[in-house]
There are 2 protein chains.
Amino acid sequence: MIRIIIAEDQLLLRGALASLLSLEDDIEVVAEAKDGREALNLVKLHTPDVLVTDIEMPEFSGIQVAQSLKRNNSNTRVLIVTTFARSGYLQRARDAGVTGYILKDTSSDELSNAVRTVAQGGVVIAPELSQAAWAIPDPLNDREREILRLVESGKTNKQIGVILNLSSGTVRNYLASSTQKLGVSNRIEAFRAAREKGWL
Amino acid sequence: MIRIIIAEDQLLLRGALASLLSLEDDIEVVAEAKDGREALNLVKLHTPDVLVTDIEMPEFSGIQVAQSLKRNNSNTRVLIVTTFARSGYLQRARDAGVTGYILKDTSSDELSNAVRTVAQGGVVIAPELSQAAWAIPDPLNDREREILRLVESGKTNKQIGVILNLSSGTVRNYLASSTQKLGVSNRIEAFRAAREKGWL
DNA sequence: ATAATCACATGACATTTGTCATGAGGGCCA
DNA sequence: TGGCCCTCATGACAAATGTCATGTGATTAT
């Protein structure tokens, strides 16, 4: 019997997945979590075979949970089920030891099979990601990423300088570097491109 | 027997909802649609009692589908199931004759009950929306909204002027008006605020 | 018929953004 | 030890953004 925990902030999907996966003869849903913190706590408590988790959740993201489990040498394998085919997410997920990565545009049968494969130690990657994912490493350094996040929230270069204790000229240089790496022309295109790739 | 169609672009959720709602004695899922166009076609074909639909879908949004059904005097009632509690969405949904509006952070039991209520001619609005929703009318005019969409995609004022056949000075004036109405300081804050409210 | 409103425009000016060159200081590696 | 790289900085300049005043023509309301 494969014991799993489901982590998903939307109750409707979480409940539906729990119900459907419970119908499988060889899968047992031992707990459900609505955010990353709860997921971490429940995995520690129940030590399931697989954690089925979204990425974007309150408290901790699914990737952060995976990172924590890896750091603590947990035997629980992680299967990511997310909306977006973002290569940046997949790269970070791989680095965090995640062995399953599928999209929500998959069928529940495929989800069940993915749970089985991951439980047995196999690797499952959504076909849509198999190529694009491994091609482009994240070109941004940490400072550039941090600045792009602040740009995304609408901050001016001056404000970013104050927040990060940098001069606004330095912020402009970092932004220029980012936009060049991303192949775009302005700050809006820059954070959008980074966000779409999962690099933000 | 309440006959329904489910429209949702994510296969996992669509399949899960179809399975769960089919388990109810008094609800029959007669078809499933993966985008707005398919939803419209299937409603015309099957004339279900209720269309259960997401808002953000390829082809047409759930609201556009509702608008079309209203325009064609359809007897099919519309129940929106969406992720975001955005007042702008709810306002447009109401105008389109939608009688159910719940969030994906609801349980499947609540969803089933909402389907029943809407089928009987009742109105179901998510509690989270009951207050905030009706307070603030959309302050943007059509031109401002159109310009904010282009800003959101990273276009410069000059580019927007070319696209909309306006002078860049006019574009700047419209943007200034938008940012003032939204109570923000720059273009990025402006489209984000409008997007979050569902006015974009 | 007239006044008010709306959509769009022009113009001027201050501020911000973006580009690019150049440089300092510290850490790392051969 | 010296070269290279990274992080951060300064400076100059062009272009874009944002603010604000003012105006035109069409439409609408009185």
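Everything numeric in this text was worked out from a predicted model, so none of it was measured. Order of the sequence lines sets the chain letters (A, B, ...), proteins ahead of strands, with each chain counted from 1.
Within the 4.0 Å cut-off from OP1 or OP2 of C:dT10, at least one side-chain nitrogen or oxygen of B:Ser167 is found. Here A:Thr179 does not reach the OP1 or OP2 of C:dT17: none of its side-chain N or O atoms lies under 4.0 Å away. Distances shorter than 4.0 Å separate some side-chain N or O of A:Asn157 from OP1 or OP2 on C:dT17. Residue B:Arg172 places none of its side-chain N or O atoms closer than 4.0 Å to OP1 or OP2 of D:dT19. Contact annotation: A:Lys158 reaches the phosphate of C:dT16 (side-chain N/O to OP1 or OP2, under 4.0 Å).
At whole-Å resolution of the value, CG in A:Asn186 and P in C:dT16 are 18 Å apart. One can place CD of A:Glu144 at 13 Å from C1' of D:dC8, the figure rounded to the nearest angstrom. The nearest whole Å value for the distance from the CG atom in A:Leu175 to the C1' atom in C:dT16 is 12 Å. Here D:dC20 presents its P atom at 19 Å from OH of B:Tyr174, a figure rounded to the nearest Å. Counting to the nearest Å, the C1' atom of C:dG18 and the NZ atom of A:Lys181 are 17 Å from each other. For the pair B:Asp142 CG and C:dA7 P, the computed distance is 9 Å after rounding to whole Å. Computed from coordinates, the A:Ile147 CD1 to D:dC8 P distance equals 8 Å when rounded to whole Å. Distance CG (B:Leu166) to P (D:dT17): 15 Å, rounded to an integer number of Å.
Side-chain N/O atoms of A:Gln180 and A:Ser177 include no donor and acceptor closer than 3.5 Å.
Below the 3.5 angstrom threshold, one finds a donor paired with an acceptor across the side chain of A:Asn173 and the base of D:dT10.
In A:Asn75, the CG atom is not crowded: 12 or fewer heavy atoms of neighbouring residues, nucleotides or ligands sit closer than 6.0 Å.
Residue-level contact check: B:Asn165 touches the backbone only, with heavy atoms under 4.0 Å from sugar-phosphate atoms and none from bases. A:Ser168 comes within 4.0 angstrom of no nucleic acid atom, judged by non-hydrogen atoms across all strands. Using a 4.0 Å heavy-atom distance criterion, A:Asn141 is classed as a sugar-phosphate-only contact. Within 4.0 Å of A:Thr170, counting heavy atoms only, lies at least one base atom of the nucleic acid.
Put simply, the side chain of B:Ser74 never gets that close to the backbone of B:Lys70: no donor and acceptor are under 3.5 Å apart.
The shortest side-chain heavy-atom distance between A:Leu164 and A:Ile147 falls under the 4.5 Å cut-off.
In terms of hydrophobic clustering, with Ile, Leu, Val, Met, Phe, Trp and Tyr side chains grouped at heavy-atom distances under 4.5 Å, A:Met57 and A:Leu13 are assigned to different clusters.
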